[in-house]
Colleague: 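Input: one structure, supplied below.
Note that the structure is predicted; figures quoted are calculated from it, not measured.
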Amino acid sequence: MNTLIQLAYFGVAVVFILGLKAMSSPVTARKGIVWAGYAMIAATLVTFYTPGMQNYGLMITAIVLGGGVAWWSGRVVKMTDMPQMVAIYNGMGGGAAAAIAALEFARGGVHSPGVATLAVLGALIGSVAFSGSCIAFAKLQGIMTKTWRLPQQNLVNIGLAALTVLLGLAIVVSGTPVPALIIAFFIVALALGVILTSPIGGADMPVVISLLNAFTGLAVGFEGFVLGNPALIVAGIVVGASGTLLTQLMAKAMNRPIRNVIFTPITGEAAGGGEAIEGSMKEFSALDAASVMRYASKVIIVPGYGMAVAGAQHKVWEMAQLLEEGGVEVVFAIHPVAGRMPGHMNVLLAEAGVPYDKIFDLEEINADFPQADVALVIGANDVVNPVARTDKSSPIYGMPILNVDMAQNVIVVKRGKGAGYSGIENALFYRDNCRMLYGSAQAAIGEVITHVKALEA
């Protein structure tokens, strides 16, 4: 029976990995998600047949309750709220890994020092992922609107991390359950996650979500070793490795080492940095925007979080189709950290039905901006700020940006005159070739569509 169980887990792991591999292509991504989901369901069913498994009633109850909550929340969540949903779900994974370790600690005396060390590492990483993800959720949901930074923040981080490691080492050495020691370990580990994440502002949030995702995967993988469960080991390590790779790619896209994201985050206070911006913002009407784009040869659309908030992706694609019918070439440019989580804009455009071959990333599209008649920016801010190329005193200097300012004409759809999510004023808005179309993206693009149709008539 044990051999069959191990073979079943191996088969599940293979299907899970193939599912993740399929997600690398937009064409097969949906199938990949289904395969990975079925693999996890199969792994859960195999667990019921594992020798020594008991408490089937509690297991079924937990699956029904957890699956029910997940199904309901997945059905009702708005696409604009997807980043915080990913953050809190990710935190639940880390919390589950930490809970497994807590139970193993409470049992005591059944693991070798090596396995106990893995349990401590999983508990530490899982606890940090859980509390850090809760803070990320609170920030993205608007519950926590300020960044909190303690005096000597980095020294506090190092001190808490060192204390957590010492407490974990004491648990491993003790070999027997010491309730006070275990409780102190988890309190300090959870506090470390809160203290690490609280100072980090919205500009760094995509990287933080990806990093916490990697933490959760590693924690689950370590606890898989503790339980001797191959499915948890494979799933955890694969998620941890892919999350780490994604984090590195996100950090590269912002030209910010991961250590800077954690120890020197960009916050709203960054608005005080950088050179003074000269000039003034120049307003455009929806009719003006429609006329410029209707008679252009090429239009590049740059979506951002403002489009997501307004739910304007369907309107944007309707407008793009109208322009294409009039002979205008229309493509979409996506910055790797546009929105509040990796791939946020891609998902929104796919939901609206935008073909994959019209969506280009930064490296593919940047050389095309000088040849574009119009660059239409919808709710994006920091990822199109030219000071990242020119102002060495700016907090975002060196971050790769979309070269929107090099287009012949730039139209920016924006709700108001405020700074971006990082708190940094955008020099693009003051350029001579830039015009501002104020209002919600949904309403503004709707007006543009009306005028484009009138010009066609």
Colleague: For Tyr89 and Val69, work out which heavy atoms get closest and say how close.
Modeller: OH-O, 4.0 Å
Colleague: Side-chain contact, heavy-atom cut-off 4.5 Å: Ile209 with Val86?
Modeller: yes
Colleague: Can you see which heavy atom on Gly193 is nearest to which on Ser131, and at what distance?
Modeller: CA-OG, 3.2 Å
Colleague: Kindly indicate, with the supporting measurements, whether the criterion side chain to side chain contact (heavy atoms under 4.5 Å, CB included) is fulfilled by Leu124 and Phe185.
Modeller: CA-CA 8 Å; Leu124 170 57; Phe185 170 81; 4.1 Å; yes
Colleague: Counting N and O atoms only, with roles assigned by atom type, does the side chain of Asn403 sit under 3.5 Å from a partner on the main chain of Met406, one being a donor and the other an acceptor?
Modeller: no
Colleague: Quick one: does Val316's side chain get under 4.5 Å of Phe332's, heavy atoms only?
Modeller: yes
Colleague: So which heavy atom on Ile401 is nearest to which on Asn366, and how close?
Modeller: O-ND2, 3.0 Å
Colleague: Restricting to non-hydrogen atoms, name the atom on Tyr397 and the atom on Val387 that form the minimum distance, rounded to 0.1 Å.
Modeller: CD1-O, 4.0 Å
Colleague: Looking at Glu364 and Asp361, would you say the former's side chain and the latter's main chain have a donor-acceptor pair under 3.5 Å?
Modeller: yes
Colleague: Taking all heavy atoms of Pro177 and all of Ala106, pick out the closest pair and write down the distance.
Modeller: CG-O, 3.2 Å
Colleague: How long is the span from the CZ atom in Phe130 to the CG atom in Leu212, to the nearest 0.5 Å?
Modeller: 12.0 Å
Colleague: Indicate yes or no for a side-chain donor-acceptor contact from His335 to the backbone of Asp382 under 3.5 Å, with no hydrogens or angles considered.
Modeller: no
Colleague: Heavy-atom distance under 4.5 Å between the side chains of Pro355 and Trp317, does that happen here?
Modeller: yes
Colleague: Heavy-atom distance under 4.5 Å between the side chains of Leu348 and Met307, does that happen here?
Modeller: yes
Colleague: Using 0.5 Å steps for rounding, measure from the CD1 atom of Ile41 to the CG atom of Leu45.
Modeller: 7.5 Å
Colleague: Kindly indicate, with the supporting measurements, whether the criterion side chain to side chain contact (heavy atoms under 4.5 Å, CB included) is fulfilled by Val120 and Phe222.
Modeller: CA-CA 9 Å; Val120 167; Phe222 286 149; over 6 Å; no
Colleague: Quick one, Leu227 and Glu104 - any side-chain contact, counting heavy atoms below 4.5 Å?
Modeller: yes
Colleague: Within the distance-only criterion (no hydrogens, no angle test), does the side chain of Thr197 pair as donor or acceptor with the backbone N or O of Val194 below 3.5 angstrom?
Modeller: no
Colleague: Please check this pair: side chain of Asn426 against backbone of Asn381, looking for a donor-acceptor N/O pair closer than 3.5 Å.
Modeller: yes
Colleague: Is there a side-chain contact between Val172 and Phe105 in this structure, where contact means two heavy atoms from C-beta onward sitting under 4.5 Å apart?
Modeller: no
Colleague: Of all heavy-atom pairs between Ala119 and Ala101, which one has the smallest distance, and what is that distance?
Modeller: O-CB, 3.6 Å
Colleague: Determine whether a donor-acceptor pair (N or O, by modelled atom type, separation under 3.5 Å) exists between the side chain of Ser133 and the backbone of Asn90.
Modeller: no
Colleague: Just how far is it from atom CG of Leu402 to atom CD of Glu363, taken to the nearest 0.5 Å?
Modeller: 11.0 Å
Colleague: Between Lys139 (side chain) and Ser198 (backbone), is there a donor-acceptor pair under 3.5 Å?
Modeller: yes
Colleague: Are the side chain of Gln442 and the backbone of Ala310 linked by a donor-acceptor contact shorter than 3.5 Å?
Modeller: yes
Colleague: Can you find a pair of side-chain heavy atoms, one from Leu160 and one from Val188, that are under 4.5 Å apart?
Modeller: yes
Colleague: Check for a donor-acceptor pair, side chain of Asn213 on one end and backbone N or O of Gly240 on the other, with a separation under 3.5 Å.
Modeller: no
Colleague: As an exercise, state the distance from CD1 of Ile445 to CD1 of Ile301, rounded to the nearest 0.5 Å.
Modeller: 7.5 Å
Colleague: Gln313 side chain to Ala350 main-chain N or O, any donor-acceptor pair under 3.5 Å?
Modeller: no
Colleague: Is there a side-chain contact between Val46 and Ile5 (heavy atoms, below 4.5 Å)?
Modeller: yes
Colleague: Parallel, tilted or perpendicular: which one describes the rings of Tyr56 and Phe48, with boundaries at 30° and 60°?
Modeller: parallel
Colleague: Run the side chain to side chain contact (heavy atoms under 4.5 Å, CB included) check on Leu65 and Thr61 step by step: do they pass?
Modeller: CA-CA 6 Å; Leu65 289 176; Thr61 300; 3.9 Å; yes
Colleague: At what distance, to the nearest 0.5 angstrom, does CD1 of Ile187 lie from OG1 of Thr164?
Modeller: 11.0 Å
Colleague: Find the distance between OH (Tyr438) and CZ (Arg415) and round it off to the nearest 0.5 Å.
Modeller: 13.5 Å
Colleague: Going through the distances and angles, do Ile88 and Gln84 end up as a side chain to side chain contact (heavy atoms under 4.5 Å, CB included)?
Modeller: CA-CA 6 Å; Ile88 198 63; Gln84 47 264 52; over 6 Å; no
